[in-house]
2 protein chains.
Amino acid sequence: MKRVIADVEEKLRAGEYKLTSRREHILRVLLENKDKHLSAEEVYNLVKKRAPDVGLATVYRTLELFLLFDIIHSIDFGDGRKRYEFCSSGTDGHHHHHLICTRCGKIIEVNEDLLEDLETRVSKEHDFKIENHQLKIFGTCRECTEKINK
Amino acid sequence: MKRVIADVEEKLRAGEYKLTSRREHILRVLLENKDKHLSAEEVYNLVKKRAPDVGLATVYRTLELFLLFDIIHSIDFGDGRKRYEFCSSGTDGHHHHHLICTRCGKIIEVNEDLLEDLETRVSKEHDFKIENHQLKIFGTCRECTEKINK
DNA sequence: GTGCATGCAAAGTCTTTGCAGGGAA
DNA sequence: TTCCCTGCAAAGACTTTGCATGCAC
């Protein structure tokens with residue numbers, strides 16, 4: 001954890017930005033909720049618990065900063081707000097696969113990268129230099145299927 | 001074209017809705033711009049050209065209606081607004097692959113469905129009943145790559 | 001002292017809702 | 001007449017911006 005924070009600090013420093021205490025709070029919240037896909041407001045509420053004098057604008061500005069430095073990614077599940085997740089190092093964000101249950105809203109992460117072949121093919125065919133991708137699969141999760149069948 | 005409109009009319013009728021003239025105008029705009037991924041406002045502006053007395057609210061309400069009946073799909077390219085595209089019949093919307101150029105914003109459609117294998121695997125592994133998917137690939141298009149290399 | 005960081009409130013953008021008028025069956 | 005459809009304006013949800021203060025170096 002400390003290692004990660006130090007890495008982020010260095011990244012920001014390289015761009016002439018500081019990891020202030022507020023920014024660190026925000027970073028910690030994101031780290032501790034890696035699997036949760038928090039919205040800006042959810043981050044804000046969690047940060048407030050440990051640093052009550054932080055403003056919502058700061059959260060937005062910090063998230064934007066983190067996005068700029070590829071410290072986090074934003075995703076959109078179609079519910080009208082952006083959600084954010086920390087980029088685990090080493091993967092370059094190349095594992096953004098989510099199963100979204102259209103009944104209960106649950107989001108299941110699929111962490112393997114299953115698209116290598118496909119990317120190679122598409123990239124060649126369209127002369128397109130791929131930087132990143134997002135795959136969202138909509139459907140019904142196990143629990144909801146069971147509920148329906150009862 | 002007329003065939004498609006008649007199909008839509010029937011779909012709506014089955015749900016006790018009518019294909020009014022305004023709705024038909026909106027549908028036509030969507031049909032004539034299948035490849036454009038229009039936003040609500042863009043639809044509104046195009047509709048206004050042929051039916052100047054249509055309100056923006058009606059466009060939103062109609063798009064919502066069409067979504068409900070799976071006549072169109074909505075996509076989000078991360079620019080803060082939803083975009084809509086007509087669902088070509090027969091494919092069940094299973095061809096939503098887009099290459100998004102992060103430099104010029106161009107969107108290239110990839111119309112084959114390349115995810116069958118992957119879906120089968122994921123579906124089994126997580127007991128997840130797949131209904132639909134969206135794949136967005138971010139990167140740099142041919143033209144922008146050329147510009148950079150100049 | 002200088003300059004970025006920040007809280008607060010205001011403004012902005014996209015979308016939805018309330019309401020009363022209008023039209024088709 | 002009845003009930004859905006619609007325009008307009010207002011409200012709502014999320015995000016960004018302006019500005020003056022504050023803090024670190």
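Below, read A as the first sequence line, B as the second, and so on, with proteins coming before strands; counting in each chain starts at 1.
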For this session: State which residues pass side chain to side chain contact (heavy atoms under 4.5 Å, CB included) with A:F138; sequence neighbours excluded, sorted by chain then number.
Result: A:I100, A:T102, A:K136, B:N132, B:Q134
Exercise. For residues 32-56 of chain A, which residue pairs qualify under ring pair (Phe, Tyr, Trp, His ring centres under 6.0 Å), counting only residues two or more places apart or in two chains?
Worked result: A:H37-A:F77, A:H37-A:H98
For this session: Whole angstrom is fine here: how far is it from CD in A:E16 over to P in C:dC4?
Result: 9 Å
For this session: Could you identify which residues of residues 19-30 of chain B place a heavy atom less than 4.0 Å from some atom of DNA chain D, listed by residue number, or say none?
Result: B:T20, B:R22, B:R23
Problem set entry | Rounded distance (Å) that lies between atom C1' of C:dT15 and atom OH of B:Y44 | 14 Å
Exercise. Can you name the salt bridge (Lys or Arg N to Asp or Glu O under 4.0 Å) partners of B:E64, sequence neighbours left out?
Worked result: none
Problem set entry | Interatomic distance where CG belongs to B:D76 and P belongs to C:dC14 [whole Å] | 12 Å
For this session: Specify the separation, in whole Å, of atom OH of A:Y17 and atom P of D:dC25.
Result: 18 Å
For this session: Go along nucleotides 12-19 of chain D 5' to 3' and tag each nucleotide: B for a protein heavy atom under 4.0 Å from its base, S when only backbone or sugar atoms are that close, - otherwise.
Result: --SBBBB-
Exercise. With A:R103, which residues qualify under side chain to side chain contact (heavy atoms under 4.5 Å, CB included), at least two apart?
Worked result: A:C101, A:T140, A:C144, A:I148
Seminar exercise, completed: Those residues at least two apart in sequence (or on a different chain) that pass salt bridge (Lys or Arg N to Asp or Glu O under 4.0 Å) with B:E146 are none
Exercise. Could you give the distance from CD (B:E9) to CG (B:L27), rounded to the nearest 0.5 Å?
Worked result: 10.0 Å
For residues 12-24 of chain A, which side-chain N or O atoms pair as donor and acceptor with protein atoms under 3.5 Å away, sequence neighbours left out?
| residue | atom | partner | partner atom | Å |
| --- | --- | --- | --- | --- |
| A:T20 | OG1 | A:R23 | N | 3.3 |
| A:R23 | NH1 | A:K18 | O | 2.7 |
| A:E24 | OE2 | A:R28 | NE | 3.2 |
| A:E24 | OE2 | A:R28 | NH2 | 3.1 |

Would you list the protein and nucleotides 22-24 of chain C atom pairs, both N or O, that sit under 3.5 Å from each other?
none

Seminar exercise, completed: In whole angstroms, the gap separating P of C:dA5 from CG of A:L68 amounts to 12 Å
For this session: Check the distance between D:dC4's P and B:R13's CZ and give it to me in whole angstrom.
Result: 15 Å
Problem set entry | Partners passing side chain to side chain contact (heavy atoms under 4.5 Å, CB included) against B:L67 (at least two apart in sequence or in another chain) | B:I72, B:S74, B:Y84
Exercise. In Å, rounded to the nearest 0.5 Å, how long is the span from CD of B:E109 to NE2 of A:H126?
Worked result: 10.0 Å
Exercise. Who pairs with A:S123 by side chain to side chain contact (heavy atoms under 4.5 Å, CB included), at least two apart in sequence or on another chain?
Worked result: A:I130
Problem set entry | Selection residues 40-49 of chain B - residue pairs positive for salt bridge (charged side-chain N to carboxylate O under 4.0 Å, His left out), sequence neighbours left out | B:E42-B:R83
